[in-house]
Amino acid sequence: MSLVYSSPSLLKSIIAITEQRDRGKLESSLVRGLFETIRARHVTLHKLFQADGEDRVFAVVEFSNGRQVQLQDEDIVFENGYPLSDRPEFSACYRDGQPLTFEQPERKCFRYLYPIRKRGSVMAFLEINHDAALDEASQRVISGILSIYCNFLEILDYSEHDTLTGLLNRKTFDTNLLKILAGLQPSEAAKVRPTLSRRRSRQSDFKHWMGVIDIDHFKRINDQFGHLYGDEVLLLLARLMRESFRFQDKLFRFGGEEFVVLLAPTEFSNALSVFERFRQNVEEFHFPQVGRVTVSLGFTEIQLIDNPTVVFGQADEALYFAKQNGRNRVCSYEKLVESGEIESQDTTSNIVFF
Ligand SMILES: Nc1nc2c(ncn2[C@@H]2O[C@H](COP(=O)(O)OP(=O)(O)OP(=O)(O)O)[C@@H](O)[C@H]2O)c(=O)[nH]1
């Protein structure tokens, strides 16, 4: 099967990919663009991630019969992911880093699997099911579109990440938090994805949490060892964050020695133990030359009625309490209010963040 290279859908798909600034929409544009350009039966984007030391693959976007049939929410990733080792075709594509073709006579279709790389490593797969075999020229067009997607993803990545630690930067925080707040609207979720809303109602104790982390006495570290060692501490702390939190949690460097975590939905007790585990991991880690470093952490629940200013203010107040009361500790805003140790903030505030 040969593609019509002057096809307006090819240009349209390139334009659609490069005009996106949101990762989810970018993924949809890629899948939709390829689906329309090559008139596939269906096109699916699978992502690769690590969970509990195991590589897992999960489908994020699929186009079939001219419409998007699947768009995963990151919080249901674990239910839908499957181990890479259970899927020989994905394993082979991952190992060789080369596109694979399978003829499926029983389904009267041809299946193509393309690896998608980020900085040399395979981080996703594009699966195309087509009624006919694609010729070499068509496959080159697909590879070209994937290269444009990867290049664009790298530009997006660069603008979203802190250059020193590689964590998400402050600029992206508002967007991520607003996405969480939008996701808390039960009526919308029920309309669009009934399965998701059923799952959410089952997990009504599962809430989103925001934690604000600040290194204790960081000024002393800079003063005693110099800024280069200070920077090294920030880098190692970011690594400890990646090791301590899960794939679905969003990790930000807010600038200076302040970090923020948006935890994927879980119960209070779990959020507390995750934050506590991180605090301990830092306390037990030996920072070269510097030795022992500790962090203080304040966290709060993200509620529908909140705006970013309120949520951040609450977590920051719990952090301030931790700093004033010994440092190297984790404090929950809600528990501090409950115990009367701090006063509840006015959550009706309308101040706009930034
Ligand atoms: N090395 C390095 N230092 C930074 C960076 N950004 C901010 N700092 C330093 O971080 C320190 C923050 O100090 P303070 O806000 O006084 O707080 P602290 O010493 O950590 O004390 P507590 O937070 O009260 O425990 C200052 O010395 C800043 O110069 C950075 O990117 N690299």
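All figures in this text were calculated on a predicted structure; none of them were measured in a lab. All ligand and atom numbering here is 1-based and tracks the order in the structure.
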Enumerated ligand 1 atoms positioned under 4.0 Å from heavy atoms of [X]:
X    : value
D216 : 25 (O)
G230 : 1 (N)
I215 : 20 (O), 23 (O), 25 (O)

Which residue and non-hydrogen atom of the protein lie closest to [atom], and at what distance in Å?
atom                    : answer
atom 22 (P) of ligand 1 : K323 NZ, 3.4 Å
atom 17 (O) of ligand 1 : E257 OE1, 4.0 Å
atom 31 (O) of ligand 1 : R253 NH2, 2.8 Å
atom 32 (N) of ligand 1 : D231 OD1, 2.6 Å
atom 7 (C) of ligand 1  : G256 CA, 3.5 Å

Heteroatom distance test (F218, ligand 1): nitrogen or oxygen, under 3.5 angstrom: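 The answer is yes, given that F218 and ligand 1 share an N or O pair closer than 3.5 Å.
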
L234, any N or O under 3.5 Å of ligand 1 N or O: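 No, L234 has no N/O under 3.5 Å of an N/O on ligand 1.
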
Between [X] and [Y], is the ring centre distance below 6.0 Å?
X    : Y    : value
F90  : H46  : yes
Y112 : F125 : no
Y82  : F58  : no
F245 : F278 : yes

Measuring from [atom], which candidate in [options] has the nearest non-hydrogen atom?
atom                    : options                : result
atom 24 (O) of ligand 1 : R327, R220, Q324       : R327
atom 8 (N) of ligand 1  : T165, N222, D162       : N222
atom 21 (O) of ligand 1 : K219, E232, H217, H227 : H217

N281: partners by side chain to side chain donor-acceptor pair (under 3.5 Å), with sequence neighbours left out: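 Side chain to side chain donor-acceptor pair (under 3.5 Å) check on N281 returns S244.
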
Side-chain ion pair, R253 and E258, N-O less than 4.0 Å: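 No.
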
Protein non-hydrogen atom found under 4.0 Å from atom 3 (N) of ligand 1: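 Yes, there is a protein heavy atom closer to it than 4.0 Å.
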
Proximity of D214 to ligand 1 by residue part, where a heavy atom lies under 4.0 Å: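 The part of D214 near ligand 1 is the side chain, not the backbone.
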
Whether F254 and F312 hold their rings parallel, tilted or perpendicular, with breakpoints at 30° and 60°: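 F254 and F312: parallel rings.
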
Main-chain N/O of L262 paired to H208 side chain as donor or acceptor, under 3.5 Å: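 No, H208 side chain to L262 backbone: no donor-acceptor pair under 3.5 Å.
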
Summary of salt bridge (Lys or Arg N to Asp or Glu O under 4.0 Å) pairs that have at least one residue in residues 286-297, sequence neighbours excluded: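 Residue pairs passing salt bridge (Lys or Arg N to Asp or Glu O under 4.0 Å), neighbours aside: E283-R292.
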
Cation-pi check, K335 onto F268 ring (under 6.0 Å, within 45° of axis):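 Judged by the rule, K335 and F268 form a cation-pi pair.
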
